[in-house]
Structure formats: structure tokens, C-alpha cells
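Chain identifiers are assigned alphabetically (A, B, ...) following the order of the sequence lines, protein sequences preceding nucleic acid strands; residue numbering begins at 1 within each chain.
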Amino acid sequence: MTPVARGLVRSSRALAWLLAAASRQPAVAQQQAGAPSPVPLSVQVAVSADTILFPAREALPIVVRPSRPARVVATVSVADDPAAVVWRSDTVASGPLSWDLQGPGASRVGSGRYAIRVSAHDSEGGTASAVLFVVVTALPADTVAPPPPPEMLPETLLVGQTTPWAIPIAFAPIVLPSYLGRRSLNYGRRADRAALVVAATVGIAGYVAFTRGRHLERSSENVRLNAEARALHVRRLAEIREANAAARASAAVRVYLDRSAP
Amino acid sequence: MRVGRIASALAAVLLVPAGAGAQSVEAAAGGFVIQRRVEYRSGFYQQSGTCASIAGAVRAGPLRAVWRACSGTLAASGAAPDADVRIQAEVTGLDVAASRLLVLGFRREVRRFESDAGVTVWHLRGGTVRLEPDFGLRGLRGLVDVSVLGTGRVRGGAAFATVLQTAMGASFDPPGGRFGVRLSYRFERYDLPESAAGPRRLEQFTGLAVEATVRLRGR
């Protein structure tokens, strides 16, 4: 290496040292100097490399370090769509920012990859920005499986014949003429074979139907029990749904740095 | 209290809601083995014979229009004033199913008696109540039909004091089939009071009625 070249290397190293020193004490140096800093404004952003948060009561700290005093603002957007901003911090002079993992409409952001962008603006018009990518993963909530539908009782039952209609109908042909007819016209009347035939036929058919017959009958007791079971099931489902929603809302979220990001 | 309970029980039994009921067309043919007993001018006469009948009914929902015609001959047994009477009757009516069990209806009947002595025509009108209780076996039902034809009159003669027609029996329509059979005992009473047109005349028709039915359309 020539002496000139060696001198240039030493100069550049010194410059780098100076820049580093300036970046470590930027405000003091700048204010003491009272003149525009030759070093451009830079900003660094950092979050925990891998953490688990409970969004209901915790937030993700975002550490922002401008190279000198500056106002900083952070935004979080969907990683693949920078225009889809889900959260924006207040503009602050310094200090840590924290993202409560809320998105638009004060709802918790879904699982996915997000970009955290910070911008710094100093009083001299200098600007700087930095970005990092995080992956948000909702951890499984401790939920309860909905109960199966209740077993319903049959509301229509096949029951034996309970009303012996055949008895009065079988007797009617035998007694009707006596009750409804004229005594003078019934006087001396021999046994009416037609009435006996009908009475016997209806009687036999009625007996068979009464002993063997089955018919469908609505069971009001089972209807009532089913209605109660259904109402109880609906109530239980609503309670479980509510409890599960609360569990999901308060479920833990894992946030980790996506180091593969460019 | 007891009356109320009985009325409630009756209402519960009779007013079971009728099914939606589709449209149907039915036809029937049968016979009525008649025994006619008449009390007239202090005499007592008896006739017997058979009346062949055909009938049709069209049902649409709870409404049912019925038509029935009957024709036959009654022969005298003994010294009857109207020997060998040819009888013809035509009935038209409209029924409303108040429930699955109870049917209410209106009937209009023209009954014509023709003999050597002349022709007599009865015009009868009134209401009917029919019960068709389920016996418990599919297709087997009881039959109770009571008609009170309160505005009956003999053409050119007196008005009836009492017109009562009843039928008690059973019907069987085998499940899934189109054919059925109806068996009933008919009892009819006609009281003609004494009037300017003639002396008192009391009549009773009794007998066995058998009908075969066929469903031509619908269920």
C-alpha cells in the first residue's frame, strides 16, 4: 500500500469513528455546536425477538432510537400491502411506543405478517425511517366444544285404541228404532236382521281394532319435554358461544421477528 | 262444573283439527235393502224391496259436494194401499269437515214414489251431522250420520212434522288402495201430520245399506 493510500484509510477510519461518536452523542454534539450536523438523521427500531402477549392487558413494546432528538411515529401495516395500515402511533418526541395489537375498529389483528415502520423527523428537516417485520400468531384459546343437540323424544306415539267407538255404533242399529221410531210402527216388529248384521259386523271389526289396532297420537308431555330440552340447549349454546368468544378475545398471541424479511 | 268438563271433553274429541285435505273425486255404487212401514188411516202396512244407488263426491280441502241417486221397487207384503211402489230418490249436498271426526252438511232430497194410484213427490231439506271416528285399524272407521230435514213437504200436500234420517255402520278403505266398502244400517222416520190435504201418515224406512266406493282421483 502506498503512503497516500494508507493515509486515506486512516482518514476514513477516523471519519467512521467520528460518525459513530456523533451518533452516540448526537444531540449534545449538535446542540453544543449550534450548527447543522453533517451526519444524516438515522433511526433504529427494535421489538422483542419472540414474545407471547395477552392482548387484553398487554401491548408489544416498540423501541425507537433516532440518531439524534427527533419526533417519531410508527405505523403497522400488512406486510404484503403497505397501504393497508392497521395501526398508527401518536407522534412522540421520544420514548418507547407500544402496539396493543389492535387493528381497525379496535379489534385484535388476525394472525399474519406485519410491517412495523418508524419515521423520524428532526427540527432541521432531516428524516429517516426504518422497518422490521413481525409475525403475529394467535395461540389456541381454551374453548369449550358445543354440546351435541339433545335427544328428542318422539312427539307422536303409536298407541292402542283408547276410544271404543265401535261399541255405541254397534248397538245403535238395534236400539235406534225403539228410541227414534214410532211405537206403533215398531209394534210387532220382528228382530231386524239388517240391524243385527250391521251390529255384528261393526262389533267384530271394533273388537279387532280395539285389541289389535294402533293409531298415532300426539304426546303433549313429550312435546313439552322436547321444548324444554331445546330451550335449555339453546341457552347452553349461547353461554358457551359467549364464553368461547371471551376466551378467544383474551387468548395469548405470539409475536416474533421475521428475520427472513428483506 | 260437570257440564263444563263434559263439554270440554266432547270438544277435545270432536274438534281435532281436520287435515289440510287435498282434492279428490270419489264414486260409489251399492244397494239399500228397504223395509218400509206405514201407518195410515189407522191401518198398518209394510213394504220391502231394494234400491240400487250410485253416488259421487268431490272434495276440495274441508268442503265436499255429494250427489246420490237411488232407484228401486218396493213390493207390498199384505194388503198395502200402494202395492208395488217404484221409488226414486236424488240427494245433493255440501259438507264441511269441522274436524277430522266431525262433518257438518246441508242436504236436499227429492224422493218420488210411483204406483198405480199415482205419483207422490217429497221435497226434503235440512242439515246433517256425520261422525267418522277412527276405530284404530288403518282404513277402518265408524260411521254415524244423522240428518234432520226440517223443511220437508209433499208436493201439493202437507209439510212433514218430522223427517229424520240416520245411518250407523262402518267403512273400510284398505290402506294404499283405491277401493273401499261401506256398510250401514239406515233408519228413517217421516211424520206427516193430519192436514187439509189428508189424514195423518207415519212412515219408517229401515234396512241394510252396502256401498262399494272407488277413489277416481286424489287421496
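- Taken from OH in Tyr185(B) to CG in Leu176(A), the straight-line distance is 8.0 Å, to the nearest 0.5 Å.
- Counting non-hydrogen atoms of neighbouring residues, nucleotides and ligands closer than 6.0 angstrom, the CZ atom of Arg224(A) exceeds 12 such neighbours.
- With a 4.5 angstrom heavy-atom cutoff, Leu140(B) touches chain A only via side-chain atoms.
- The distance from the CD atom of Gln35(B) to the CZ atom of Arg193(A) is 9.5 Å, given to the nearest 0.5 Å.
- Note: Ile169(A) CD1 to Arg141(B) CZ = 10.5 Å, rounded to the nearest 0.5 Å.
- Counting non-hydrogen atoms of neighbouring residues, nucleotides and ligands closer than 6.0 angstrom, the CG atom of Asp142(A) reaches no more than 12 such neighbours.
- Scanning both residues, Pro177(A) and Phe187(B), for their nearest heavy atoms gives CA-CE1, 3.7 Å.
- Rounded to the nearest 0.5 Å, atoms CG (Leu202(B)) and CG (Leu185(A)) are 5.5 Å apart.
- Arg182(A) is listed as a side-chain neighbour of Asp191(B), based on a closest heavy-atom distance under 4.5 Å.
- Heavy atoms from other residues, nucleotides or ligands lying under 6.0 Å from CZ of Phe106(B) number more than 12.
- Looking at Val210(B), there are no atoms closer than 4.5 Å to chain A (heavy atoms on both sides), in backbone or side chain.
- Ranked by non-hydrogen atom pairs under 4.5 Å with chain A, the options Ala209(B), Gly142(B), Ala170(B), Ser184(B) are led by Ser184(B).
- Enclosure of atom CZ in Arg230(A) by more than 12 non-hydrogen atoms of other residues, nucleotides or ligands within 6.0 angstrom is indicated.
- The environment of CZ in Arg117(A) is crowded: more than 12 heavy-atom neighbours from other residues, nucleotides or ligands sit within 6.0 Å.
- Atom CZ of Phe172(B) is surrounded by more than 12 heavy atoms from other residues, nucleotides or ligands within 6.0 Å.
- Heavy-atom contacts from other residues, nucleotides or ligands closer than 6.0 Å to CZ of Arg138(B) number 12 or fewer.
- Gly136(B) and Ala209(A) get closest at one heavy-atom pair: N-CB, 4.4 Å.
- For a residue to count as touching a neighbouring chain, one of its non-hydrogen atoms must lie under 4.5 Å from one of that chain's; by this rule Glu188(B) does not touch chain A.
- We find the CD-CG distance between Gln204(B) and Leu180(A) to be 9.0 Å, quoted to the nearest 0.5 Å.
- Neither the backbone nor the side chain of Thr162(B) comes within contact range of chain A, judged by heavy atoms closer than 4.5 Å.
- Contact detail for Val208(A) and Leu137(B): the closest heavy-atom pair is CG1-CD1, 3.8 Å.
- Here the closest non-hydrogen pair linking Ala194(A) and Gly207(B) is CB-C, 3.9 Å.
- In this structure, chain A has a heavy atom under 4.5 Å from the side chain of Val144(B), while its backbone stays farther away.
- For the atom pair Leu131(B) CG and Trp165(A) CH2, the distance stands at 6.0 Å (nearest 0.5 Å).
- Surrounding CZ of Arg130(B) are more than 12 heavy atoms belonging to other residues, nucleotides or ligands, all under 6.0 Å away.
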